[in-house]
Amino acid sequence: MKSERSDGTYHTAERIAPGTLASELIGRLRQILLPMGLDCACRDMLGGALERFDLLERRREARRQLAQARDHKDRILALLSFLSDLDSVTEIEKDRTVFEEMALLFLEIGRSAEAGAAALREL
């Protein structure tokens, strides 16, 4: 994606992740530093460096979100292994707490699924 900046220069933005707190800070730095009357070469170098730093921060955040989603997936897999015990339980189970424990596993799987989905939506 190529767009024109207010100072007439162009930059390309790789679509990695939405703006992060670091991206907001970089934007504020850009607003302060670039109009400071630097010669063209210095301004271009500074603008390029800020752009690369922003891209690296967005990638770092995207990796973090993806790792978080994978952690939730692994948690769900572990919970599913416990839930497989449901196959051996019958309706005449004497220890009724087994059913409550299984119900809690379903709830925890749902919470992990929601958190994993939220992490992926941040990408």
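What you see is a predicted model; the values in this text were computed from it and never measured. Counting begins at 1 with the first residue of the sequence.
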Compare all side-chain heavy atoms of L80 with those of L105 and state whether any distance is below 4.5 angstrom.
-> no
What pairs with R64 under side-chain hydrogen bond (donor to acceptor under 3.5 Å, both in side chains), at least two apart in sequence or on another chain?
-> E61
With a 4.0 Å cut-off, would you call R70 and D74 a salt bridge?
-> no
In this structure, CD of E57 is separated from OG of S23 (nearest 0.5 Å) by 7.5 Å
Are V98 and L79 linked, directly or through other ILVMFWY residues, by side chains that come within less than 4.5 angstrom of each other?
-> yes
So the side chain to side chain donor-acceptor pair (under 3.5 Å) pairs with at least one residue in residues 97-106 (sequence neighbours excluded) are D95-T97
Pair listing, side chain to side chain donor-acceptor pair (under 3.5 Å) test, anchored in residues 79-94, at least two apart = none
For the hydrophobic clusters of this structure (ILVMFWY residues joined by side-chain heavy atoms under 4.5 Å, transitively), does one cluster hold both M102 and I76?
-> yes
Which heavy atom in A69 sits nearest to a heavy atom in G116, and how many Å separate them?
-> CB-O, 3.9 Å
Could you state the interatomic distance from CG (L46) to CG (L29), rounded to the nearest 0.5 Å?
-> 8.5 Å
With ILVMFWY side chains joined below 4.5 Å, transitively, what does L104's cluster contain besides itself?
-> L107
Could you tell me which residues satisfy salt bridge (charged side-chain N to carboxylate O under 4.0 Å, His left out) with E108, sequence neighbours excluded, listed by chain and number?
-> R75, R111
With side chain to side chain contact (heavy atoms under 4.5 Å, CB included) as the test, would you mind laying out the steps for Q65 and R121 before giving the verdict?
-> CA-CA 9 Å; Q65 295 292 344; R121 283 189 186 106; over 6 Å; no
Side-chain heavy atoms under 4.5 angstrom apart, residues restricted to Ile, Leu, Val, Met, Phe, Trp, Tyr: same cluster for L56 and L50?
-> no
Honestly curious: do F82 and V89 fall in one hydrophobic cluster under the side-chain, below-4.5 Å linking rule?
-> yes
Go through the structure and list residues passing salt bridge (charged side-chain N to carboxylate O under 4.0 Å, His left out) with R63, not counting sequence neighbours.
-> none
Determine, using the 4.5 Å side-chain heavy-atom cutoff (strictly less than), whether I109 and L120 are members of one ILVMFWY cluster.
-> no
Given the rule in the side chain to side chain contact (heavy atoms under 4.5 Å, CB included) test, do L25 and F53 qualify, once you have shown the distances and angles that lead to the verdict?
-> CA-CA 11 Å; L25 174 62; F53 183 67; over 6 Å; no
Determine whether E51 and R30 make a side-chain contact, defined as any pair of heavy atoms from C-beta on separated by less than 4.5 Å.
-> yes
